[in-house]
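Reminder, nothing fancy here: chain letters follow the sequence lines and each chain counts from 1.
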Amino acid sequence: DTGVSQNPRHKITKRGQNVTFRCDPISEHNRLYWYRQTLGQGPEFLTYFQNEAQLEKSRLLSDRFSAERPKGSFSTLEIQRTEQGDSAMYLCASSPQIMNTEAFFGQGTRLTVV
Amino acid sequence: GEDVEQSLFLSVREGDSSVINCTYTDSSSTYLYWYKQEPGAGLQLLTYIFSNMDMKQDQRLTVLLNKKDKHLSLRIADTQTGDSAIYFCAETYASGGSYIPTFGRGTSLIVHP
């Protein structure tokens with residue numbers, strides 16, 4: 001296992017289309033995070049899973065966004081009816097279930113909505 | 001709430017020391033982190049400090065924590081051109097027994113010859 005894997009690396013979509021991103025965390029990492037990063041900003045927290053349970057959602061996660069982690073392993077983030085403002089880098093991170101260890105990040109999926 | 005502030009840019013000459021500063025708001029943060037992001041890449045953890053520590057040294061990196069002022073700094077000794085990147089300070093806030101990292105906007109470090 002070489003780290004957190006995200007697919008695709010890049011996605012260009014037309015406004016109004018739906019997109020889905022996948023994240024494969026490091027094996028046996030119970031915690032999984034999704035962040036969004038726009039140009040000149042730090043990563044903004046979107047949502048957090050502990051195993052298959054989605055325990056925390058940011059106000060940034062509008063009704064058009066949904067995330068799942070059905071078996072407690074990989075996770076998907078879907079954006080419905082994409083808008084130009086959704087263009088960003090979507091980062092996934094995972095960490096083991098030990099008190100307060102660092103999150104390991106994937107390379108991200110860059111979304112461009114045209 | 002959680003808020004992390006950093007200056008946006010720092011320019012240094014190769015071989016000098018760099019000091020990147022950060023302030024945070026959540027006094028309950030138990031760990032504070034420094035991440036590095038190179039262009040087109042994800043975030044890489046550089047170092048972290050536990051909140052009951054004042055200082056941590058790791059090779060060329062020195063982290064100083066002033067918990068009273070909620071101020072964190074990262075010093076890079078003998079800065080090299082390969083250190084040019086964006087550096088993010090992160091604190092963690094507790095949610096339902098877990099800890100969620102919250103990031104600043106990042107400091108762009110530019111190292112010139």
Q: Check each atom of B:Q37 against the heavy atoms of chain A and say whether the ones under 4.5 Å are side chain, backbone, both or neither.
A: side chain
Q | Engaged part of B:L43 at the chain A interface, taking heavy atoms whose separation is under 4.5 Å | A | both
Q: May I ask you to test the A:Y35-B:T102 pair for a side-chain heavy-atom distance under 4.5 Å?
A: no
Q) What part of A:Q37 is in contact with chain B, defined as an atom under 4.5 angstrom from a non-hydrogen atom: side chain, backbone, both or neither? A) side chain
Q.
Quick check on the hydrophobic clustering: are A:L91 and B:V4 connected, directly or via other members, by side-chain heavy-atom contacts under 4.5 Å?
A. yes
Q: Provide the closest heavy-atom pair for A:Y33 versus B:P101 in the form atom of the first, atom of the second, distance.
A: CE2-CD, 3.8 Å
Q | Other residues, nucleotides, ligands: >12 heavy atoms within 6.0 Å of A:R15 CZ | A | no
Q) So, B:F103 versus A:F45, ring centres under 6.0 angstrom or not? A) no
Q: Treat each ILVMFWY residue as a node, draw an edge where side-chain heavy atoms are under 4.5 Å apart, and state whether B:Y48 and B:L61 are in one component.
A: yes
Q) Taking a hydrophobic cluster as the set of Ile, Leu, Val, Met, Phe, Trp and Tyr residues connected by side-chain heavy atoms closer than 4.5 Å, whether directly or through intermediates, do A:F65 and A:L60 fall within one such cluster? A) yes
Q. If you round to the nearest 0.5 Å, how far is OG of A:S58 from CD1 of B:I100?
A. 9.5 Å
Q) Rounded to the nearest 0.5 Å, what separation is found between the CZ atom of A:F105 and the CZ atom of B:F88? A) 9.5 Å
(Q) Tell me whether A:Q107 contacts the main-chain N or O of B:G42 through its side chain, where contact means a donor paired with an acceptor under 3.5 Å. (A) yes
Q: Could you look at A:R110 and say if it's the side chain, the backbone, both or neither that has a heavy atom under 4.5 Å from chain B?
A: neither
Q. Is the number of heavy atoms from other residues, nucleotides or ligands under 6.0 Å of A:K11 NZ greater than 12?
A. no
Q: Is it possible for you to say whether B:L109 and B:Y33 belong to one hydrophobic cluster, with membership spreading through side-chain heavy-atom contacts below 4.5 Å?
A: yes
Q) Going hydrophobic residue to hydrophobic residue with side-chain gaps under 4.5 angstrom, can you get from B:L45 over to A:M89? A) yes
